[in-house]
Amino acid sequence: RTKSFAANLDQGLILIAAEPEFSESQLTRALIAAEAERITPIIALNKSDLAEPFGRAWTKLEPYRAMGYQVLPLAIKPKTDAPVANDTQYQQLLALLRGKKTPCTL
């Protein structure tokens with residue numbers, strides 16, 4: 001038995017963090033659920049301002065990018081001063097969300 005939590009969705013934002021390390025099994029479950037409902041998933045990897053953990057997580061997401069999933073870098077609360085990069089990331093995310101019905105899964 002399944003329960004729906006939303007209807008008429010265009011896409012789903014799956015927000016994961018570089019640190020602490022995200023769970024691949026939870027990510028896979030979210031992707032399967034989205035695909036089963038024909039909802040386009042977007043994976044947003046937060047904490048792009050943390051170079052080493054972000055690099056490891058970005059590499060870990062390579063197979064998902066190779067499968068055609070959109071993976072965005074993001075720094076919601078950056079610990080560094082990189083306003084241009086953060087603004088670019090934010091604008092890219094806004095462009096994807098504009099005019100869409102998108103729930104966020106954490």
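Side chains are part of it too, since the values below use all heavy atoms of this structure and drop only hydrogens, waters and symmetry mates.
- In terms of heavy atoms, Phe22 sits closest to Leu27 at CE1-CD2, 3.9 Å.
- Proximity of Ile16 to Leu61: side-chain heavy atoms (C-beta onward) are separated by under 4.5 Å at one or more points.
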**Study point:** Derivation and outcome, side chain to side chain contact (heavy atoms under 4.5 Å, CB included), residues Asp10 and Thr40
**Key:** CA-CA 7 Å; Asp10 300 305; Thr40 302; over 6 Å; no

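- Residues Pro41 and Ile14 have side chains in contact (heavy-atom distance under 4.5 Å, counting atoms from C-beta outward).
- With sequence neighbours excluded, the residues that form a salt bridge (charged side-chain N to carboxylate O under 4.0 Å, His left out) with Arg56 are Glu52.
- Remark: the Glu24 side chain and the Tyr64 side chain contain an N/O donor-acceptor pair separated by less than 3.5 Å.
- Within the model, atoms CG of Leu50 and CD of Glu19 stand 6.0 Å from one another, a figure rounded to the nearest 0.5 Å.
- Note that the CD1 atom of Ile32 and the CD atom of Glu37 stand 13.0 Å from one another [nearest 0.5 Å].
- A distance of 4.5 Å separates CD1 of Ile39 from CG of Leu9, quoted to the nearest 0.5 Å.
- Here the closest heavy-atom approach between residue Ala44 and residue Leu74 is recorded as CB-CD2, 4.0 Å.
- Applying the salt bridge (Lys or Arg N to Asp or Glu O under 4.0 Å) test to pairs two or more places apart or on separate chains, those with a residue in residues 64-76 are Glu62-Arg65.
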Exercise for review: Evaluate side chain to side chain contact (heavy atoms under 4.5 Å, CB included) for Tyr69 paired with Leu31, printing each intermediate quantity in order.
Suggested key: CA-CA 9 Å; Tyr69 289 109; Leu31 291 171; 3.8 Å; yes

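- Rounded to the nearest 0.5 Å, atoms CD (Gln70) and CD1 (Ile43) are 9.5 Å apart.
- Across all non-hydrogen atoms, the minimal contact from Ala75 to Asn46 is CA-OD1, 3.5 Å.
- Contact of the Ile42 side chain with the Leu72 side chain is registered, since non-hydrogen atoms from C-beta on lie closer than 4.5 Å.
- Minimum heavy-atom separation, Phe54 to Ser48: CD1-CA, 3.3 Å.
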